[in-house]
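One is the number of the first residue; the rest follow in order along the sequence. Only heavy atoms go into these numbers, but all of them, side chains included; no hydrogens, no water, no symmetry mates.
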Amino acid sequence: MAVETMKKEYPLEKIRNIGIIAHIDAGKTTTTERILFYTGKSHKIGNIDEGTTQMDWMAQERERGITIQSAATTCFWNDHRINIIDTPGHVDFTAEVERSLRVLDGGVIVLDGSQGVEPQSETVFRQAQKYDVPLLFFVNKLDKVGGDFLMSVDSISEKLSKKGVVVQLPIGLENGFIGVVDLIEMKAYKFEGDGGENVVEFDIPEDLVDDAKKYRSILVEKVAEADDALIEKYLGGNELTTEEIKSGLRKLTVSTEVYPIYCGASLSNKGVQKVLDGVIDYLPSPKDTPDIKGENVDTGESVSLKSDEEGPLAALAFKIQTDPYVGRLTYFRVYSGKVSAGSYVYNSTTGNKERLGRILLMHANHREEIKEVLAGEIAAGVGLDATTGDTLCSEENRILLDKISFAEPVIGVVIEPKTKADRDKMSQIIKKFLEEDPTLQIKSNIETGQTLLYGMGELHLDIIVDRMKREFNLEINTGKPQVAYRETIRKTVEQEGKYIRQSGGRGQYGHVVIKVEPLERGEGLKFIDKIVGGSIPKEYVPAVEKGIKEAAESGTIAGYPLVDFQVTLFDGSFHEVDSSEMAFKMAAIEAIRDAQRAADTFLLEPIMKVEVITPEEFMGDVIGNLSSKRGKIDGTEQKGNARIITGRVPLAEMFGYATELRGMTQGRASFVMEPSHYEEVPSNIAEGLARESIRR
């Protein structure tokens with residue numbers, strides 16, 4: 001399909017970089033398809049059930065009816081340019097949301113109007129808060145049985161934030177949903193035509209006038225807080241004008257003081273144009289966002305950069321994708337300065353100079369070649385070696401931006417090619433996937449020769465194996481899923497490590513004394529150098545740190561990685577002739593292994609946050625079953641005729657749960673789960689895992 005030319009100069013204040021984010025099945029991709037239709041980007045509305053959506057272009061997305069990879073596109077509305085990233089809703093692909101939010105200026109959270117806030121809605125909201133991203137809420141599916149706008153508004157207030165402010169009311173619900181009331185303009189709108197493209201204004205229905213006045217007064221009272229002039233006028237009993245309400249609401253939204261709440265039904269083509277108006281009116285342009293913070297590579301000083309094309313180049317690579325036609329694509333956001341195709345950029349994360357061969361504007365999997373990218377824009381580069389989280393800048397102004405942090409994978413599967421001839425091919429393909437997806441990890445068991453692929457969930461790993469077959473024609477055998485256990489320590493110990501070898505000629509001498517201390521869950525591994533007086537020369541300290549990290553890859557109980565501990569190097573000795581980096585690395589490895597045995601090492605397992613939605617008559621069975629899986633029930637709540645049970649259950653107990661739940665509830669219950677935290681494994685189970693590791 002030919003893509004119309006998109007590159008036209010737009011001033012920064014007329015650009016919006018937004019993400020469409022939500023729980024799975026809330027209508028994210030359907031909403032994006034309507035946006036593309038109404039903005040003239042597509043001439044036919046894509047349908048998820050028919051597999052004709054533009055943003056879900058992967059075969060696996062179309063078959064399963066879910067978004068797996070975030071897809072970028074650009075469209076235009078009311079003389080503004082909107083760069084959109086449509087993100088996945090399934091928790092297994094939460095990294096796609098994380099990296100998208102890192103580079104976006106605003107977001108639209110889509111809610112299913114019959115469900116309100118769902119588990120993944122909470123996750124994406126927390127991710128947006130982490131990066132201080134201004135948001136609009138779009139309560140979708142109000143034409144669906146059970147659609148309830150005010151219930152959804154209440155659930156935003158209870159589960160997410162009390163900053164939500166209603167800017168629209170629905171006219172009718174379920175089959176009777178016909179349009180929306182705009183509380184700022186106090187006008188009603190319905191959407192006519194085959195695709196709802198004709199927005200028709202009419203008078204607010206009489207039975208809604210009182211409600212409209214009530215919610216408008218709440219909105220105006222909130223907006224008046226935007227600045228002194230507005231609050232003075234409001235307290236003086238004077239009416240705020242439409243323009244004053246809009247400017248006040250914009251100010252509060254950009255500063256994340258409020259979240260405007262819209263309503264509609266994307267599938268029946270109602271309300272989406274008004275959400276687009278809200279994106280333009282209330283979400284920030286790159287000029288409205290805070291200065292991007294970084295570090296000067298040469299001086300170590302912190303740097304603040306404004307979104308200005310005349311400033312020094314600072315861009316962040318946030319996604320790697322393999323394109324069958326152009327090869328490796330690096331998506332990047334330019335925060336400051338500009339960059340041209342064919343120019344060289346400096347990768348301050350790796351210290352390498354890289355050539356940006358071509359620049360593409362992406363529309364899902366279609367592309368348009370452009371010559372230049374300016375501050376505030378998002379594009380994809382061909383020819384770069386950068387990976388996710390790398391900073392691209394100029395050699396004259398070497399700046400390092402904050403990297404993107406991702407959750408650790410919790411589940412692994414043994415993979416092996418069906419033929420020996422495919423072994424090398426598999427290594428190359430896995431390397432590509434690791435570049436694309438920072439939540440994938442690969443580990444090799446040297447003793448068994450097995451390759452373990454770790455990811456965020458069973459669906460995540462299924463998709464990767466399926467892509468290997470389809471995209472690369474590689475047949476894979478897989479073993480049963482395995483839990484990503486961890487090991488950690490309970491006590492603080494001091495430990496000595498020596499590596500001394502003498503066998504004719506120059507020997508090897510390394511000697512370290514370390515203190516090993518436990519840390520809180522999730523803090524990882526910290527290394528502190530406290531050598532004074534030159535007992536170990538500075539040039540050997542990095543080798544000690546490297547040895548500690550290498551030793552931590554395999555614990556002493558069952559060979560799982562050692563985490564959440566701090567190592568302080570405070571003493572040691574060296575030999576003028578025999579000392580080497582290798583000797584100090586080996587001394588550090590020996591010290592850590594001995595320290596583990598003395599520091600009361602124990603096993604940790606991933607605990608999952610589980611939410612089950614079940615008809616009330618099966619509630620007792622579901623709770624009993626979760627309890628039998630070592631689960632802790634956090635609570636239950638009523639939603640319509642269903643009960644929602646939330647709890648935390650060890651991942652090891654959740655394999656095959658979908659089948660169990662179906663059998664227990666006649667196929668009428670559903671569940672979602674996401675990683676919560678790590679917790680100590682009970683001693684009887686830990687002993688079994690240790691015995692199993694000896695057999696391996």
Side-chain angles (χ1 to χ4, degrees), residues 19-38 45-50 52-53 55-56 64-67 86-90 107-125 135-160 164 166-182 189-192 195-197 199 259-276 278-279 611 613 638-642 644 670 672:
I20 311 289
I21 50 182
H23 184 91
I24 192 167
D25 282 342
K28 225 173 356 41
T29 299
T30 302
T31 302
T32 308
E33 292 296 321
R34 269 52 183 183
I35 288 172
L36 297 181
F37 177 69
Y38 298 134
I45 296 176
N47 186 293
I48 288 175
D49 295 332
E50 293 169 12
T52 57
T53 59
M55 300 303 278
D56 284 352
R64 296 166 192 253
I66 61 170
T67 303
D86 175 31
T87 62
H90 195 287
V108 177
I109 292 188
V110 182
L111 301 180
D112 180 332
S114 68
Q115 301 298 320
V117 173
E118 296 175 90
Q120 190 64 3
S121 316
E122 293 184 59
T123 303
V124 296
F125 181 75
L135 299 168
L136 308 180
F137 283 96
F138 176 47
V139 179
N140 187 26
K141 298 192 178 186
L142 290 177
D143 56 344
K144 180 180 166 185
V145 173
D148 187 336
F149 179 66
L150 294 180
M151 175 276 290
S152 298
V153 171
D154 287 342
S155 74
I156 291 170
S157 178
E158 288 163 17
K159 295 183 177 178
L160 302 182
V166 173
V167 295
Q168 289 182 339
L169 289 177
I171 302 171
L173 286 172
E174 301 182 350
N175 288 337
F177 178 62
I178 61 161
V180 301
V181 173
D182 184 316
Y189 295 93
K190 57 186 174 183
F191 305 86
E192 297 181 345
E197 62 271 28
V199 182
Y259 302 114
I261 304 173
Y262 287 76
C263 56
S266 297
L267 192 61
S268 56
N269 311 313
K270 295 181 178 75
V272 175
Q273 296 98 315
K274 287 293 169 187
V275 176
L276 273 169
V279 166
E611 182 167 291
I613 302 170
Q638 185 103 23
K639 189 174 277 185
N641 295 324
I644 298 172
S670 62
V672 289

Walk me through it: do Tyr38 and Asn269 pass the test side chain to side chain contact (heavy atoms under 4.5 Å, CB included)? CA-CA 10 Å; Tyr38 298 134; Asn269 311 313; 3.3 Å; yes
Could you give the distance from CD (Glu118) to OG (Ser152), rounded to the nearest 0.5 Å? 9.5 Å
In this structure, NZ of Lys190 is separated from CZ of Phe177 (nearest 0.5 Å) by 13.0 Å
Holding to side chain to side chain contact (heavy atoms under 4.5 Å, CB included), I want the full list of residues that pass it with Ser157, two or more places apart in sequence or in another chain. Lys162
Looking at every heavy atom in both Ala22 and Lys28, which two are closest together, and how far apart are they? N-CD, 3.3 Å
Contacts of Ser266 that satisfy side chain to side chain contact (heavy atoms under 4.5 Å, CB included) - sequence neighbours left out: Thr30, Thr31, Phe138, Asn140, Val272
How far apart are the C-alpha atoms of Glu611 and Ile644, what are their side-chain angles, what is the distance that settles it, and do they pass the side chain to side chain contact (heavy atoms under 4.5 Å, CB included) test? CA-CA 7 Å; Glu611 182 167 291; Ile644 298 172; 3.4 Å; yes
Aromatic ring proximity Phe125/Tyr259, centre distance under 6.0 Å: yes
Calculate, to the nearest 0.5 Å, the distance between atoms CE and CD belonging to Met151 and Gln115 respectively. 7.0 Å
For Leu173, the side chain to side chain contact (heavy atoms under 4.5 Å, CB included) test, sequence neighbours excluded, returns Leu142, Pro170
Mind listing the closest non-hydrogen atom pair of Ser155 and Gly116 along with its distance? OG-CA, 3.5 Å
For the side-chain contact (heavy atoms from CB on, under 4.5 Å) test, which of Asp112, Ile109, Leu111 pairs with Val117? Leu111
Can you measure from CD1 (Ile20) to CD (Glu33) and round to the nearest 0.5 angstrom? 11.5 Å
Going by the rule side chain to side chain contact (heavy atoms under 4.5 Å, CB included), which residues pair with Val153 if we only count those two or more places apart in sequence or in a different chain? Phe149, Val166, Ile261
Sorted by first residue and then second, give each salt bridge (Lys or Arg N to Asp or Glu O under 4.0 Å) pair with at least one member in residues 146-159; sequence neighbours left out. Lys159-Glu637
All heavy atoms of Lys144 vs all of Ser114, minimum pair found to be NZ-OG, 3.2 Å
From Ile178 atom CD1 to Asp143 atom CG, the distance as rounded to the nearest 0.5 Å: 13.0 Å
Show your working on side chain to side chain contact (heavy atoms under 4.5 Å, CB included) between Cys263 and Gln168 and close with a plain yes or no. CA-CA 6 Å; Cys263 56; Gln168 289 182 339; 3.8 Å; yes
Using the salt bridge (Lys or Arg N to Asp or Glu O under 4.0 Å) rule, collect all pairs that involve residues 265-275, keeping only residues at least two apart or in two chains. Lys274-Asp277
